[in-house]
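When a ligand or atom number is given, it counts from 1 through the structure's own listing order. Predicted, not measured: the structure shown is a model, and the values here were computed from it.
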Amino acid sequence: MSEFPPSTVLQCGRHSLDLSRPRVMGILNATPDSFSDGGRFNAIDAALAHAEHMLAEGAAIIDVGGESTRPGASPVSLQEELDRVAPLVERLVNELDVLVSVDTSCPEVMREVTALGAGMLNDVRSLRRPGALDAAAASQLPVCVMHMQGEPGDMQRDPHYDVPVEDAVTTFLAERVAACETAGISRDRLIVDPGFGFAKTLEHNLRLLKRMDALAHLELPVLVGMSRKSLIGKVLGRTVEERLPGGLALATLAVERGARIIRVHDVGPCVDAVNMTWAVLQEGENQ
Ligand code: 7PM
């Protein structure tokens with residue numbers, strides 16, 4: 001436990017991210033506004049207020065998503081994704097001076113948000129789109145690569161693995177890490193994510209968390225996202241609004257198994273769960 005993951009400070013543009021202890025990443029949806037330019041302005045104001053709230057609750061990173069990567073979501077055009085994400089990133093960086101991560105698979109979006117001051121890239125497609133590896137390498141920013149089998153549209157159609165799911169995930173991530181290094185993204189800029197809820201049955205998700213220590217072989221910081229996901233709903237019979245206690249249990253177990261970034265909607269409760277878990281894990285470690 002104590003030697004994994006390696007104590008590390010990630011350089012995220014102007015920000016440093018100390019991952020010698022676990023951190024919480026707050027999810028910020030860059031939601032479209034169907035009314036007018038005035039309406040869009042209001043949607044951005046609301047998103048900024050929410051980001052401010054998450055920072056006050058202890059978020060170390062704000063992850064901005066234009067919903068193009070959401071499983072089952074209808075594809076969003078590049079222009080629409082840029083229109084949703086870019087103005088929000090710009091204001092987060094300039095007005096809140098926060099470490100902004102951007103959830104995108106599009107090289108054009110990666111380049112644009114890098115120019116605007118984003119500090120991290122988060123790609124559920126692991127830089128597999130044409131041009132994404134080069135865009136991420138040029139950004140010089142840390143990148144989170146995530147395991148997913150197939151594409152968001154079809155991935156939940158009877159997911160199957162020929163080897164234990166944690167081995168399939170580790171092999172996939174090792175291959176993506178190698179591809180990143182070949183493209184010029186050095187290891188000290190990489191974060192890996194097992195991709196909970198992406199092309200996985202309930203049993204896959206539960207086993208993946210139970211065996212998450214298998215990812216330790218990669219010797220890279222691990223990010224997990226389980227907040228409000230359907231595995232909680234399936235086990236507990238809870239609606240999306242009722243999944244916070246289940247999510248905190250999962251966050252606790254992930255930290256115990258070495259996760260260093262926990263991506264969540266409910267930042268305050270998760271910060272307490274993470275810090276409490278960390279206090280127990282650290283007891284006696286510094287003597
Ligand atoms: C519907 C289903 C809507 C799932 C949104 C989602 C992850 C991510 C997402 C994750 C990383 C959500 C997901 N999940 N990025 N983006 N890891 N790195 O719950 O698990 O936000 S989208």
Element-labelled atoms of ligand 1 that are located less than 4.0 Å from some non-hydrogen atom of Val124: 8 (C), 15 (N), 16 (N)
Go through ligand 1 atom by atom and flag the ones less than 4.0 Å from a non-hydrogen atom of Leu223. 18 (N)
Given side chains that start at C-beta, do those of Val113 and Val85 come closer than 4.5 Å, heavy atoms only? yes
Does a donor on one side chain and an acceptor on the other come within less than 3.5 Å for Gln79 and Ser77? no
Keeping Asp167 on the side-chain end and Val163 on the backbone end, is there a donor-acceptor pair under 3.5 Å? no
Select one of side chain, backbone, both or neither to describe which atoms of Val224 lie under 4.0 Å from any atom of ligand 1, heavy atoms only. neither
Tell me which one of Asn29, Asp193, Ile27 gets a heavy atom nearest to atom 11 (C) of ligand 1. Asp193
Would you mind running through ligand 1 and noting each atom that sits below 4.0 Å from a heavy atom of Asn122? 11 (C), 15 (N), 18 (N)
Contacting atoms of ligand 1, where contact means under 4.0 angstrom from a heavy atom of Met146: 10 (C), 11 (C), 17 (N)
N or O contact, Asp63 vs ligand 1, cut-off under 3.5 Å: no
Side-chain donor-acceptor contact under 3.5 Å, His160 with Asp158: no
May I ask you to check whether Thr104 and Glu81 show a side-chain donor-acceptor distance below 3.5 Å? yes
Out of Arg263, Met148, Met25, whose heavy atom sits nearest atom 21 (O) of ligand 1? Arg263
Is the shortest heavy-atom distance from the side chain of Val143 to the side chain of Leu141 under 4.5 Å? no
Is Asp103 close to ligand 1, meaning an N/O of one under 3.5 Å from an N/O of the other? yes
The answer for which part of Met226 has a heavy atom under 4.0 Å from ligand 1 is neither
Could you check Asn275 against Arg21 for side chain to side chain donor-acceptor pair (under 3.5 Å), going step by step and ending with a plain yes or no? CA-CA 9 Å; Asn275 289 347; Arg21 43 157 297 145; 2.5 Å; yes
Under 3.5 Å between some N or O of ligand 1 and some N or O of Gly225? yes
May I ask you to check whether Ser16 and Gln11 show a side-chain donor-acceptor distance below 3.5 Å? yes
